[in-house]
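Shown next, in structure tokens, is the structure this report addresses.
All figures in this text were calculated on a predicted structure; none of them were measured in a lab. Below, each value reflects all heavy atoms present in this structure, side chains not excepted, and no hydrogens, waters or symmetry copies. In what follows, every chain begins at residue 1, and chains take the letters A, B, ... in the order their sequences are listed.
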Protein chains: 2
Amino acid sequence: MALWHGYRPELLTDFYQFTMAASYWKEGMRGRAAFSLFIRDLPPHRAYFVSAGLQSLLAFLDDFHFDASSIQYLRSLGRFPEGFLKYLESVRFTGTVRAIPEGRIFFPNEPILEVTAPIVEGQLLETLIINTLHLEILVATKASRCVHAARGRPLIDFSPRRTHGVDAALKTARSSFLTGFIGTSNVLAGQMYGIPVFGTMAHSYITSFLREMDAFRAYAAAFPDNTVLLLDTYDTLSAAEKAVVIARELQAQGKKLRGVRLDSGDLTRLSSQVRELFCRHGFSDLAIMASGNLDEYRVEELLQSGAHIDLFGIGTRLGVSADAPYLDMAYKLVEYDGRPVLKLSPGKKTWVGEKQVFRSYDPSGLMEYDILGLKQEKHPGAEPLLEPVVVQGRRTAAEESLAEIRARFRADWERLPEEYKKLRPEKIYPVRPSDPLLALQDRVRHSRVAEEIGS
Amino acid sequence: MALWHGYRPELLTDFYQFTMAASYWKEGMRGRAAFSLFIRDLPPHRAYFVSAGLQSLLAFLDDFHFDASSIQYLRSLGRFPEGFLKYLESVRFTGTVRAIPEGRIFFPNEPILEVTAPIVEGQLLETLIINTLHLEILVATKASRCVHAARGRPLIDFSPRRTHGVDAALKTARSSFLTGFIGTSNVLAGQMYGIPVFGTMAHSYITSFLREMDAFRAYAAAFPDNTVLLLDTYDTLSAAEKAVVIARELQAQGKKLRGVRLDSGDLTRLSSQVRELFCRHGFSDLAIMASGNLDEYRVEELLQSGAHIDLFGIGTRLGVSADAPYLDMAYKLVEYDGRPVLKLSPGKKTWVGEKQVFRSYDPSGLMEYDILGLKQEKHPGAEPLLEPVVVQGRRTAAEESLAEIRARFRADWERLPEEYKKLRPEKIYPVRPSDPLLALQDRVRHSRVAEEIGS
């Protein structure tokens with residue numbers, strides 16, 4: 001889009017990535033570095049995360065380079081030696097990436113992704129790696145909670161108007177679809193990702209006609225097979241009576257009104273009254289859709305209170321993950337040139353070394369616990385979650401379809417015990433550091449304390 | 001960027017905009033429609049909003065059209081008549097836009113922007129208009145609160161890694177700069193908008209060296225005029241002693257250490273201890289920067305508790321506006337074909353008709369109250385806030401520089417009474433509907449009730 005014309009995503013990074021890179025270059029530090037991406041803590045009311053966003057990231061890595069205009073901008077800052085700028089021209093991603101595939105469930109402190117590469121490459125990628133995966137994981141996790149709360153009723157993403165920008169609108173459509181939404185109102189997401197698009201009319205459509213009934217009739221004439229009438233522009237129950245008239249008129253043409261949408265007011269009461277009216281007139285199968293400030297908590301409340309709602313449009317609070325708008329995600333150097341490294345900052349625990357997550361299931365096939373171990377450990381019977389996706393700069397796996405990722409999520413979801421699916425979970429899933437990891441962590445910590453914290 | 005290659009922003013819209021447009025087209029509804037953009041309510045702890053985002057929107061309107069690939073995608077859905085798709089090919093924005101200029105302060109229910117255009121054009125633009133302005137207003141408002149809390153200390157945007165996508169990272173850098181941040185860590189925002197970029201080193205830089213002191217020395221050697229040492233990798237006070245050594249080494253070369261950064265721990269205590277250490281060694285002017293989960297509330301607390309901090313890096317909680325991640329922003333049809341229109345949905349009050357905001361100041365020049373009136377009203381002595389920016393599809397004002405917008409914000413900020421600047425304001429700024437607006441609202445409401453709510 002216009003905004004991006006002539007700009008490259010490689011500069012979507014923190015300035016310090018370039019100053020550090022320039023120093024690595026000056027010092028001749030060409031060693032292999034391992035970086036680990038993980039989420040430190042659970043946000044309120046979450047017991048798990050859903051992996052998402054890897055595909056966008058891999059597309060970016062495929063084409064990672066600094067073009068002439070990016071280099072020229074860096075030169076204009078007057079901070080970098082010419083030799084370093086020349087070197088940047090030749091930088092590509094030549095490293096290896098291991099990741100938890102999209103659609104899988106994971107937990108705090110588990111690496112979602114590990115990058116091993118010459119340190120400059122791994123460093124320059126930090127900001128965009130976090131920016132890309134943070135958002136999709138945030139929204140996929142939120143969306144999975146909505147799907148759970150809806151108890152099998154279909155959900156549609158209605159968020160594009162209030163997401164934080166265009167990129168977030170697209171990624172919300174994608175991430176919510178991965179966890180079981182049936183589609184989105186976002187047309188560009190439909191075009192880009194092949195996600196089904198949905199939508200019929202807004203209040204402005206109704207008010208632009210002299211009478212509500214004229215608007216209903218005009219819409220039914222234009223889309224006799226796909227009409228969902230919006231009922232709350234003036235008065236929901238009066239509009240529901242008009243909807244019965246439209247349903248009869250369509251019936252007379254051999255067509256069928258698809259449903260109605262409620263967007264404000266007491267949705268429990270209104271949905272029951274509307275359902276009762278429709279049944280009384282012989283239209284018991286008219287779908288009732290609800291929208292308007294919904295999220296997993298409201299959906300659960302509505303269904304518990306006996307609302308007669310068949311499908312939900314979920315917008316703003318999904319698209320901004322309103323009750324938890326960010327995750328404490330970090331991308332940390334865990335090894336450099338064969339040496340495991342560690343920071344000791346209070347409250348910011350990081351696990352040393354290249355790692356793997358080993359998942360164990362109980363006899364019924366439910367997830368029982370994960371072991372956070374070093375990459376080379378063996379845990380017979382446990383399932384390792386991280387898989388190589390890029391090796392020496394080349395993708396090793398074919399691009400996955402959204403259908404494959406959806407299926408993977410559904411399979412993982414079935415294996416997640418119910419207690420972690422609750423909207424307000426009380427238990428924390430067990431993730432245990434392995435003995436070799438604990439030993440290494442301890443050794444490195446002691447050596448750092450002895451070396452750095454003196455007098 | 002790669003993501004956008006071959007895609008156009010016009011499809012970043014809700015699918016119903018196209019179904020409604022197809023019906024308008026079918027019905028021959030070519031009348032002029034007026035749409036009004038406003039925010040219904042104040043989010044928690046806010047007493048005002050800051051206007052921002054207009055420039056991105058205008059760039060989009062300049063180039064608004066449906067390209068062949070967009071039309072082809074719509075065709076592929078099998079829902080639209082060929083005549084409508086042909087018509088879409090010729091659609092451009094031919095309407096008029098009036099808006100509150102960027103950098104001004106405004107309040108709930110005041111139109112930020114009004115679009116008058118053939119109804120199809122106004123309708124198709126809804127989603128992207130809200131998406132664009134919502135984000136920049138959200139972040140500019142949050143950023144202005146941080147600037148206020150910092151009491152003159154400089155602030156830098158550190159948010160790009162955890163904003164909701166790339167678009168949000170760019171707009172956070174821009175919006176925070178407009179309200180007085182001195183710059184950003186976001187290099188792409190530096191390139192695109194000319195915003196100053198800042199940053200020196202991360203924990204990964206320190207840990208990649210065998211010893212912290214080696215890392216400090218290497219950095220100072222690469223950037224002897226621009227070194228800010230990160231202190232909390234192992235132990236803040238031990239690192240501060242090393243910083244004194246570096247400061248002496250740079251001094252011996254006729255250079256100067258710029259400062260240090262604290263990123264975790266008890267910032268009040270640590271900043272005092274570090275300041276005391278630096279003073280004791282004759283480096284009383286070393287700047288102490290703080291970062292790490294900061295926002296306006298934390299900055300205020302730190303300064304009230306006597307922290308010795310000279311500048312702040314504000315990241316995630318700014319970039320996602322964490323305590324208020326969305327605004328209840330709406331874009332409503334207020335007039336069609338000369339007829340004022342209104343929806344009556346409960347809890348979603350909309351003011352009818354094309355409007356203007358008239359601002360009155362007290363004798364000392366402070367904002368006193370606003371009148372929300374009809375566009376053609378006259379209120380001598382009051383300042384009308386909305387100005388035409390596009391007339392019949394053409395921009396009427398030159399593109400503004402960020403410096404101009406910053407100056408406008410500063411001027412408006414000086415006129416905002418202190419009680420509304422508080423982080424937890426108790427008073428609501430008076431916005432009064434005019435008598436003509438009230439009369440028209442009442443008339444239209446009664447006619448709608450009489451017409452639509454029957455039996």
Kindly indicate whether the side chain of [X], heavy atoms from C-beta on, has any atom under 4.5 Å from the side chain of [Y].
X      : Y      : answer
B:T19  : A:N226 : no
A:N186 : B:D14  : no
B:T207 : A:Y336 : no
B:Y234 : A:V449 : no
A:H134 : B:R161 : no
A:V341 : B:F209 : no
A:L230 : B:Y16  : no

Given heavy-atom pairs under 4.5 angstrom as the criterion, report whether the side chain, backbone, both or neither of [X] touches chain B.
X      : value
A:A33  : neither
A:L344 : both
A:E136 : neither
A:L77  : side chain
A:I119 : side chain
A:Q72  : neither
A:L342 : backbone
A:T316 : side chain

Proximity breakdown for B:R448 and chain A, heavy-atom pairs closer than 4.5 Å: side chain
Gap between atom CD1 of B:I453 and atom CG of A:D235 - 0.5 Å precision: 4.5 Å
Interatomic spacing from CG in A:L188 to OG1 in B:T13 - rounded to 0.5 Å: 10.0 Å
Pair A:Y73-B:V197, side-chain contact (heavy atoms from CB on, under 4.5 Å): steps then yes or no: CA-CA 11 Å; A:Y73 170 69; B:V197 293; 3.7 Å; yes
For each of [options], tally heavy-atom pairs with chain B at distances under 4.5 Å, and name the one with the top tally.
options                    : result
A:R162, A:E126, A:E212     : A:R162
A:K26, A:R339, A:M29       : A:R339
A:Y24, A:F35, A:F84, A:W25 : A:Y24
A:S321, A:A22, A:A222      : A:A222
A:M213, A:E10, A:K242      : A:K242

Looking just at side-chain N and O atoms, do [X] and [Y] make a donor-acceptor pair shorter than 3.5 Å?
X      : Y      : value
B:S204 : A:Q123 : yes
A:Q191 : B:S69  : yes
B:N131 : A:T163 : yes

I need the residue from [options] with the largest number of non-hydrogen atom pairs under 4.5 Å to chain A.
options                        : value
B:A189, B:A215, B:G190         : B:G190
B:S76, B:A168, B:P160          : B:P160
B:N293, B:D263, B:T350, B:V139 : B:D263
B:S208, B:G199, B:P81          : B:S208
B:T200, B:T127, B:T132         : B:T200

Considering all heavy atoms, the nearest [X]-[Y] contact:
X      : Y      : answer
A:L210 : B:E452 : O-OE2, 4.0 Å
B:V187 : A:L74  : CG1-CD2, 4.1 Å
B:H164 : A:L138 : NE2-CD2, 3.4 Å
A:A202 : B:M20  : N-SD, 3.2 Å
A:L12  : B:A169 : CD2-CB, 4.1 Å

N/O donor to acceptor pairs below 3.5 angstrom from side-chain atoms of residues 324-334 of chain A, sequence neighbours left out:
from	atom 1	to	atom 2	distance (Å)
A:Y326	OH	B:R317	NE	3.3
A:Y331	OH	A:G122	O	2.8

Ring geometry between A:F80 and B:F223 (parallel below 30°, tilted from 30 to 60°, perpendicular above 60°): perpendicular
Main-chain N/O of A:S264 paired to B:S345 side chain as donor or acceptor, under 3.5 Å: no
By side-chain hydrogen bond (donor to acceptor under 3.5 Å, both in side chains) - contacts of A:S23 (at least two apart): B:Y205
Carboxylate-amine/guanidinium contact B:E451 A:R211, below 4.0 Å: yes
